[in-house]
There are 2 protein chains.
Amino acid sequence: MTEKSPDRRIQRTRQLLQDALIAVILEKGYDAATVQDVIDRANVGRSTFYAHFQDKEDLLLSGFEHLRTEFEKHLLSASVTSASPWGLSLSMFQHAEGQRQLYKALAGKQGGNVVITYIQKYLFTYLHTHLKQALTKRKNGIPPEILAQYLSSSFISLLTWWLDTDSPYSAAQMNEFYRQLVEPGVNGVMAGMFFTS
Amino acid sequence: MTEKSPDRRIQRTRQLLQDALIAVILEKGYDAATVQDVIDRANVGRSTFYAHFQDKEDLLLSGFEHLRTEFEKHLLSASVTSASPWGLSLSMFQHAEGQRQLYKALAGKQGGNVVITYIQKYLFTYLHTHLKQALTKRKNGIPPEILAQYLSSSFISLLTWWLDTDSPYSAAQMNEFYRQLVEPGVNGVMAGMFFTS
DNA sequence: ACGTTTTCGAACACTATGTTCGATTTATCT
DNA sequence: AGATAAATCGAACATAGTGTTCGAAAACGT
């Protein structure tokens, strides 16, 4: 159980690289960011970089692990405090609004989609796990993986669209729209059994 | 009105390149396909390639223009023959099933998403245009761009997920799922006014 | 058959990736 | 504090892909 924390230099290097990555992305966009930019910004040797990360994407995903973690926090806290997923989605709309800059630098970009997709898949997995339990009771019902895919993708795409287009709606409004569109259908296929985890 | 058809060589070259592109993608996937692969396969000189296309993405999108055109055909024919969009989505599920190989080589890939996004944006534009007319009549209703974004993205993502995961459902079943999930919400915000174009 | 347009292909400059290795610095342990 | 182990540095190198240029050759339309 007792994990010995790694060499201080390792933590420092990884942290420097991840911070530098975000700085570079915010400055020149995801696609334009190169490994060279990142290690220059971080003042880290080239070979050191490749000692820590396989390649560019490895760095990028690892750098955005904390973003996924943020999502996780919202997922968990919302699941506990609210009986329905709508409080959850509001919470995530609000969270994302605070990270608008960063999302904008990602959304739409060819490489940035890797991160968006990453988060969407995480959301999918989370939903799938919880829905499997709730839905197996019904026969001939909608398959949980389809519901999970539908919920996660429609949510993520509305979210990124919202952030990317500077549309004038507030997080609460966006959540209201999302709810209006999604809730009736979900109620229909689930008939009231919400997140009974 | 009379467009003089371009030099035979131009048509031939463009066709060769586009065909070669698809062949290469099916062989080694979207991301791995290089310009060199394509011109080798097409037996076209390097400089010739750059005389026709700005860069790689230009070729790729142009190469998939016909895919978008297919979608367009289905959109138009379905709009005419059916009063609701569900016949339309069934038609597109069926069409896509015939192109499964190709979609699989695109979906999930970093660069392949460019094409998926391209089609989704086309669908968005189409829906947005038609929904604007139907929705302006109501005040405080859902904004048409949000409905269009929701419909296009949820459809495309279910579609690509379906093709990519080899899930066992038929096109008709997928359409049924999609309809079950989406229709109630859409009915709620539109109250029966469907595609009165 | 003739003038025009397109294609060819090889050479070139450029940018970025990823590896290697000996020298140097820094952390950790006792 | 000193010995040992580990991480970092940085410069050089190999590789691979992009996009441009230009004169010669080929194919086109009429």
Side-chain angles (χ1 to χ4, degrees), chain A residues 2-25 27-64 105 109-115, chain B residues 2-25 27-64 105 109-115:
Chain A
T2 50
E3 299 208 355
K4 49 179 114 180
S5 68
D7 193 312
R8 190 187 299 162
R9 289 168 291 181
I10 295 180
Q11 301 183 49
R12 182 176 133 275
T13 297
R14 294 185 73 95
Q15 192 61 53
L16 280 172
L17 286 171
Q18 289 173 354
D19 291 350
L21 171 75
I22 293 180
V24 173
I25 285 179
E27 185 177 313
K28 60 196 303 197
Y30 196 113
D31 286 337
T34 70
V35 172
Q36 195 62 50
D37 293 329
V38 174
I39 63 182
D40 284 352
R41 168 86 52 144
N43 274 312
V44 160
R46 186 167 191 72
S47 53
T48 305
F49 170 85
Y50 284 104
H52 286 273
F53 301 99
Q54 276 239 321
D55 56 12
K56 195 184 166 186
E57 190 169 310
D58 190 18
L59 161 71
L60 295 172
L61 283 184
S62 132
F64 283 99
K109 316 291 175 184
Q110 183 166 344
N113 279 327
V114 174
V115 178
Chain B
T2 52
E3 300 209 353
K4 47 179 117 181
S5 67
D7 193 314
R8 191 187 299 160
R9 287 168 292 181
I10 295 180
Q11 301 182 51
R12 182 176 133 275
T13 298
R14 296 184 71 96
Q15 192 62 53
L16 280 171
L17 285 171
Q18 289 172 355
D19 291 349
L21 171 74
I22 293 180
V24 173
I25 285 179
E27 187 178 311
K28 61 197 302 199
Y30 197 113
D31 286 339
T34 71
V35 172
Q36 195 63 49
D37 292 328
V38 174
I39 64 183
D40 284 351
R41 168 85 52 142
N43 274 311
V44 160
R46 187 168 190 70
S47 53
T48 305
F49 171 85
Y50 284 104
H52 286 273
F53 301 99
Q54 276 238 324
D55 57 13
K56 196 185 168 186
E57 189 169 311
D58 190 19
L59 160 72
L60 295 171
L61 283 184
S62 133
F64 284 98
K109 316 291 174 183
Q110 183 167 344
N113 280 327
V114 174
V115 179

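Taking a 4.0 Å limit (strictly below) on heavy-atom distances, residues 48-60 of chain A reaches DNA chain C at Tyr50(A), Asp55(A), Lys56(A). DNA chain D lies under 4.0 Å from no heavy atom of any residue of residues 31-39 of chain A.
Screening residues 48-60 of chain A for salt bridge (charged side-chain N to carboxylate O under 4.0 Å, His left out) gives no qualifying pairs among residues at least two apart or on separate chains. The stretch residues 5-23 of chain A participates, sequence neighbours left out, in these salt bridge (charged side-chain N to carboxylate O under 4.0 Å, His left out) pairs: Asp7(A)-Arg9(A). Applying the salt bridge (charged side-chain N to carboxylate O under 4.0 Å, His left out) rule to pairs touching residues 29-51 of chain A yields Glu27(A)-Arg41(A), Lys28(A)-Asp37(A), sequence neighbours excluded.
The base of dT26(C) lies close enough to the side chain of Arg9(A) for a donor and an acceptor atom to sit less than 3.5 Å apart.
Read 5' to 3', the first and last nucleotides of DNA chain D with an atom closer than 4.0 Å to a heavy atom of chain B are dG17(D) to dG29(D).
For the pair Phe53(A)/Val35(A), no side-chain contact is recorded, criterion being any heavy-atom separation below 4.5 Å from C-beta on. With contacts defined as side-chain heavy-atom distances shorter than 4.5 Å, the pair Val114(A)/Leu61(A) qualifies.
Nucleic acid contact class of Arg8(A) (heavy atoms, under 4.0 Å, all strands): sugar-phosphate only.
Annotation: the span from Ile25(B) atom CD1 to Leu60(B) atom CG amounts to 6.0 Å, rounded to 0.5 Å. One distance of note links OG1 of Thr13(B) with CD of Gln18(B); it measures 11.0 Å at 0.5 Å rounding.
Here the P atom of nucleotide dA27(C) and the CD atom of Gln11(A) are 12 Å apart, to the nearest Å. Atom-to-atom, CZ of Arg46(A) to C1' of dT15(C) comes out at 11 Å; the value is rounded to the nearest Å.
Comparing dG9(C), dT6(C), dC21(C) by their closest approach to the side chain of Ser47(B) singles out dG9(C).
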